[in-house]
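What follows is one structure encoded as structure tokens, with my remarks underneath.
These figures come from a predicted structure and were not determined experimentally.
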Amino acid sequence: ARVVPHVVVPTTVTVLPCITTSNLLRLPRSRQDSIVAYGPYPTLPPEECMKITRVYTGNDDRSHFGELELDFDPSRGRLPRALVQPAREVGFNSQPASHEDVMHTAPERRLVGFMSGLAESTLSDGAKRGMGPGEVILFEDVTGEGHLITPLGDEPRHSLYVALGN
């Protein structure tokens with residue numbers, strides 16, 4: 001185990017939602033001690049925080065992969081929260097294993113959480129990335145050439161989406 005300010009973090013931890021030290025230090029000292037002593041969220045260096053994939057449109061009108069670090073803010077409520085914003089709609093998608101997708105843009109900004117099945121996302125810039133259960137992607141490529149999602153294997157792909165609007 002290694003020691004991080006106020007917390008011992010086991011070396012076997014790979015991905016944890018976390019409170020960055022900069023957010024923790026913005027709080028009064030009494031709240032800092034409370035979070036560190038009782039909360040399940042240790043303070044970790046930013047490189048060890050939870051990250052999600054982002055798909056966005058670049059200046060070349062093509063879709064690109066990026067990474068979005070979730071900065072958990074302990075002052076947002078009873079539990080630290082990240083990426084808090086209103087949602088326009090929440091729903092589920094089911095994509096049969098035989099589905100042949102076409103290049104398309106996201107209808108609006110949306111978070112997609114993959115629940116089952118495997119797929120490959122191909123972006124208009126030529127980049128490809130596999131996706132599977134537990135992954136969350138923020139699709140922001142609402143303009144440009146877009147992306148396509150191809151199921152891999154024999155299992156359908158199920159996902160939860162959260163439409164954020166534009």
Side-chain angles (χ1 to χ4, degrees), residues 4 13-26 41-77 79-166:
V4 180
V13 172
T14 52
V15 176
L16 281 178
C18 65
I19 302 167
T20 60
T21 304
S22 62
N23 267 346
L24 187 65
L25 293 176
R26 286 187 223 155
Y41 301 100
T43 56
L44 296 174
E47 67 272 9
E48 295 183 26
C49 287
M50 184 175 169
K51 297 174 184 173
I52 62 172
T53 300
R54 175 180 174 238
V55 175
Y56 65 95
T57 304
N59 292 334
D60 58 359
D61 254 5
R62 293 185 174 176
S63 295
H64 302 277
F65 286 116
E67 199 171 68
L68 181 63
E69 183 178 298
L70 299 182
D71 194 11
F72 285 80
D73 184 350
S75 67
R76 294 292 311 220
L79 296 173
R81 298 174 186 191
L83 203 64
V84 176
Q85 56 191 284
R88 191 189 65 71
E89 177 180 271
V90 176
F92 293 88
N93 285 327
S94 180
Q95 184 181 31
S98 60
H99 179 78
E100 291 189 28
D101 203 6
V102 296
M103 197 65 72
H104 64 280
T105 57
E108 62 192 329
R109 291 179 65 240
R110 61 175 51 185
L111 281 166
V112 177
F114 293 87
M115 299 169 59
S116 67
L118 300 174
E120 180 178 70
S121 184
T122 304
L123 305 186
S124 53
D125 73 352
K128 294 182 178 190
R129 190 173 290 182
M131 301 173 296
E135 291 190 58
V136 176
I137 298 179
L138 175 60
F139 285 95
E140 296 183 300
D141 62 337
V142 296
T143 62
E145 297 176 21
H147 62 274
L148 64 90
I149 298 175
T150 307
L152 300 174
D154 298 330
E155 187 181 342
R157 179 186 62 83
H158 295 104
S159 59
L160 165 74
Y161 72 88
V162 180
L164 303 172
N166 290 327

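For the pair Asp141/Thr57, a side-chain contact is recorded, criterion being any heavy-atom separation below 4.5 Å from C-beta on. Side-chain contact between Asn93 and Val112 is absent, with no heavy atoms from C-beta onward closer than 4.5 Å.
Between the CG atom in Leu164 and the CZ atom in Arg88 there is a gap of 9.5 Å [rounded to 0.5 Å]. Atoms CG and CG, on Leu68 and Leu111 in that order, are 9.0 Å from each other to the nearest 0.5 Å. Arg62 CZ to Leu123 CG: the interatomic distance, rounded to the nearest 0.5 Å, is 11.0 Å. To the nearest 0.5 Å, atom OH of residue Tyr56 and atom CZ of residue Phe139 are 14.0 Å apart. Between the CG atom in Asp125 and the NE2 atom in His147 there is a gap of 12.5 Å [rounded to 0.5 Å]. Atom OG of residue Ser121 and atom CE of residue Met131 lie 4.5 Å apart, to the nearest 0.5 angstrom.
The two residues Ile149 and Asp101 make their nearest non-hydrogen contact at N-OD2, 2.8 Å. Here the shortest heavy-atom pairing between Phe92 and Tyr161 reads N-CE2, 3.7 Å. When all heavy atoms of Glu135 and Gly130 are compared, the closest pair comes out as OE2-O, 3.8 Å. Residues Leu118 and Pro133 share a closest heavy-atom pair of CD2-CD, 4.0 Å.
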Could you pull out all donor-acceptor pairs under 3.5 Å where a side-chain atom in residues 151-160 meets a protein atom, sequence neighbours excluded?
{"from": "Glu155", "atom 1": "OE2", "to": "Gly117", "atom 2": "N", "distance (Å)": "3.4"}
{"from": "Arg157", "atom 1": "NE", "to": "Gln95", "atom 2": "OE1", "distance (Å)": "2.6"}
{"from": "Arg157", "atom 1": "NH1", "to": "Ser159", "atom 2": "OG", "distance (Å)": "3.0"}
{"from": "Arg157", "atom 1": "NH2", "to": "Gln95", "atom 2": "OE1", "distance (Å)": "3.0"}
{"from": "His158", "atom 1": "ND1", "to": "Ser116", "atom 2": "OG", "distance (Å)": "2.8"}
{"from": "His158", "atom 1": "NE2", "to": "Ser94", "atom 2": "OG", "distance (Å)": "3.2"}

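The neighbour count for Glu100 CD, taken as heavy atoms of other residues, nucleotides or ligands under 6.0 Å away, does not exceed 12.
The main-chain N or O of Ser124 is never found under 3.5 Å from a side-chain atom of Ser63 such that the two would form a donor-acceptor pair.
In terms of the salt bridge (charged side-chain N to carboxylate O under 4.0 Å, His left out) criterion, Arg129 has no residue partners (sequence neighbours excluded). In this structure, the side-chain contact (heavy atoms from CB on, under 4.5 Å) partners of Glu67, at least two apart in sequence or on a different chain, are Lys51.
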